[in-house]
Amino acid sequence: MPDLSAHVAGVILAAGLASRFGKNKLLEPIKGRPLFEYALGAALKSKLQSVILVCGPELAGAAPRHPKLICTVNDNPQAGQALSLKTGLASLPPGASHMLFMLADQPLMTPELIDRFCVLAREGMDLACLGWGDYLGPPSLVAREYMAELKELKGDRGAGGLLRKYRERLRVVTPPDARFIWDVDRPQDLDKIKKVLK
C-alpha cells in the first residue's frame, strides 16, 4: 500500500578530503558554477522534502540559501565518510522516514532521477540504490529503521555495506545511461564531465 506520508530527506556528502584531486574539487568551476552546486541543485529541484548538505566550513559559506536546505559542518573529514554520514543523520528532520544519500561530486544527477527514489519510498521500499553494470551505489535510499546500524559505521565506510547485507531487499534503479554514475576523483574526471554537461 502506498505510503503517502513518506518524507525523504536528501543527505549530500560533501566533506571529503579530495586527496586524489589535490585540492577542494567541489569548488572547482564548471560553466561558471562550482561543482557541488550541480548535485545540490538537482536535489533542491526534486521532490525531496528536505536536503542536508554535510560539508566543510569553506563549502558551507558558499552554499546557496534555500528553504529546504540544511547545512551541517563536519569539522573532522579525516575521520572518513562514516562521520559525515552520521553528521547528516544527526540533522535529519524528526518526520523523515527515509534518507537518500548522495555524493556532491556527481554533477550529472537530475531531479527526475532523484524523484524515482522518492516514488519508491512512497511505494513502501526500504532500500534502493543506483545501479549500472557492476556499480551499485549512491544515490542510496535507506529507511529510518536502519539508522541504528548506520550509526555504528566507522572509518571510511558509507551505506554500501548495509545495502550489501540486505541485498535481497534492495531495489536497483537503472539510470538512462552510464554517465549518471560518473563522479569526480581526479582532474581528468572533471574534464570529461565538462564535455557532456549542459
Side-chain angles (χ1 to χ4, degrees), residues 2-16 25-26 30-31 33-55 59 63-72 81 84-85 87-89 91-93 95-133 135-144 146-147 150 158-160 162-163 169-184 189 193 196-198:
D3 182 6
L4 300 179
S5 66
H7 175 134
V8 186
V11 179
I12 304 179
L13 304 178
K25 61 184 178 182
L26 295 178
I30 302 180
K31 298 187 182 296
R33 296 170 60 197
L35 168 61
F36 83 96
E37 280 193 10
Y38 285 87
L40 175 60
L44 293 174
K45 291 175 184 174
S46 75
K47 291 183 171 61
L48 292 169
Q49 283 94 333
S50 50
V51 178
I52 300 162
L53 180 68
V54 183
C55 58
L59 209 65
R65 295 186 180 277
H66 192 281
K68 67 178 180 180
L69 177 61
I70 301 165
C71 282
T72 183
Q81 190 180 99
S84 283
L85 189 148
T87 301
L89 293 180
S91 297
L92 280 177
S97 61
H98 294 73
M99 301 142 278
L100 184 67
F101 294 106
M102 299 174 55
L103 301 179
D105 66 350
Q106 285 185 317
L108 300 180
M109 197 53 52
T110 65
E112 293 77 17
L113 191 51
I114 294 169
D115 287 347
R116 290 174 63 183
F117 290 95
C118 296
V119 169
L120 288 176
R122 288 198 299 270
E123 290 176 348
M125 290 299 302
D126 290 339
L127 297 169
C129 72
L130 201 64
W132 186 274
Y135 176 90
L136 288 177
S140 303
L141 180 75
V142 181
R144 183 179 277 274
Y146 297 95
M147 188 184 291
L150 292 174
L162 181 79
L163 300 179
R169 306 180 193 176
L170 182 66
R171 174 74 63 86
V172 176
V173 174
T174 304
D177 62 65
R179 292 179 296 179
F180 288 87
I181 70 170
W182 290 0
D183 61 6
V184 177
D189 298 328
I193 284 172
V196 300
L197 195 61
K198 296 179 181 179

If we only count heavy atoms from C-beta on, is the [X] to [Y] side-chain gap below 4.5 Å?
{"X": "Val142", "Y": "Asp126", "answer": "no"}
{"X": "Leu40", "Y": "Leu69", "answer": "yes"}
{"X": "Ser84", "Y": "Val11", "answer": "no"}
{"X": "Ile193", "Y": "Leu35", "answer": "no"}
{"X": "Ser97", "Y": "Arg144", "answer": "no"}
{"X": "Pro175", "Y": "Arg116", "answer": "no"}
{"X": "Phe101", "Y": "Leu150", "answer": "yes"}
{"X": "Asp189", "Y": "Trp182", "answer": "no"}

What's the shortest heavy-atom distance between [X] and [Y], and which atoms?
{"X": "Met109", "Y": "Pro139", "result": "CE-CD, 3.6 Å"}
{"X": "Ala143", "Y": "Met99", "result": "O-CE, 3.6 Å"}
{"X": "Leu85", "Y": "Ala159", "result": "CD1-N, 3.8 Å"}
{"X": "Leu92", "Y": "Ala9", "result": "CD2-CB, 3.7 Å"}
{"X": "Ile52", "Y": "Pro93", "result": "CD1-CD, 4.3 Å"}
{"X": "Val172", "Y": "Gly131", "result": "CG1-CA, 3.6 Å"}

Whether [X] side chain and [Y] backbone form a donor-acceptor pair below 3.5 Å:
{"X": "Gln49", "Y": "Val8", "answer": "yes"}
{"X": "Ser46", "Y": "Asp115", "answer": "no"}
{"X": "Tyr38", "Y": "Ile30", "answer": "yes"}
{"X": "Arg171", "Y": "Phe117", "answer": "no"}

Are more than 12 heavy atoms, taken from residues, nucleotides or ligands other than Lys68, located less than 6.0 Å from that residue's NZ atom?
yes
Look up atom [atom1] in [X] and atom [atom2] in [Y], then write down how far apart they are to the nearest 0.5 Å.
{"X": "Ile181", "Y": "Gln106", "atom1": "CD1", "atom2": "CD", "answer": "8.5 Å"}
{"X": "Leu120", "Y": "Leu141", "atom1": "CG", "atom2": "CG", "answer": "7.0 Å"}
{"X": "Ile70", "Y": "Ser50", "atom1": "CD1", "atom2": "OG", "answer": "5.5 Å"}
{"X": "Leu26", "Y": "Leu103", "atom1": "CG", "atom2": "CG", "answer": "10.0 Å"}
{"X": "Cys71", "Y": "Leu59", "atom1": "SG", "atom2": "CG", "answer": "7.5 Å"}
{"X": "Leu53", "Y": "Met102", "atom1": "CG", "atom2": "CE", "answer": "10.0 Å"}

In sequence, state the C-alpha distance, the side-chain angles, and the governing distance for Phe180 and Thr110, and then conclude on side-chain contact (heavy atoms from CB on, under 4.5 Å).
CA-CA 8 Å; Phe180 288 87; Thr110 65; 3.6 Å; yes
Just grab all the salt bridge (charged side-chain N to carboxylate O under 4.0 Å, His left out) pairs involving residues 33-46, residues at least two apart or on different chains.
Arg33-Glu37
Lys/Arg-Asp/Glu bridge criterion (N-O < 4.0 Å) met for Asp105, Lys25:
yes
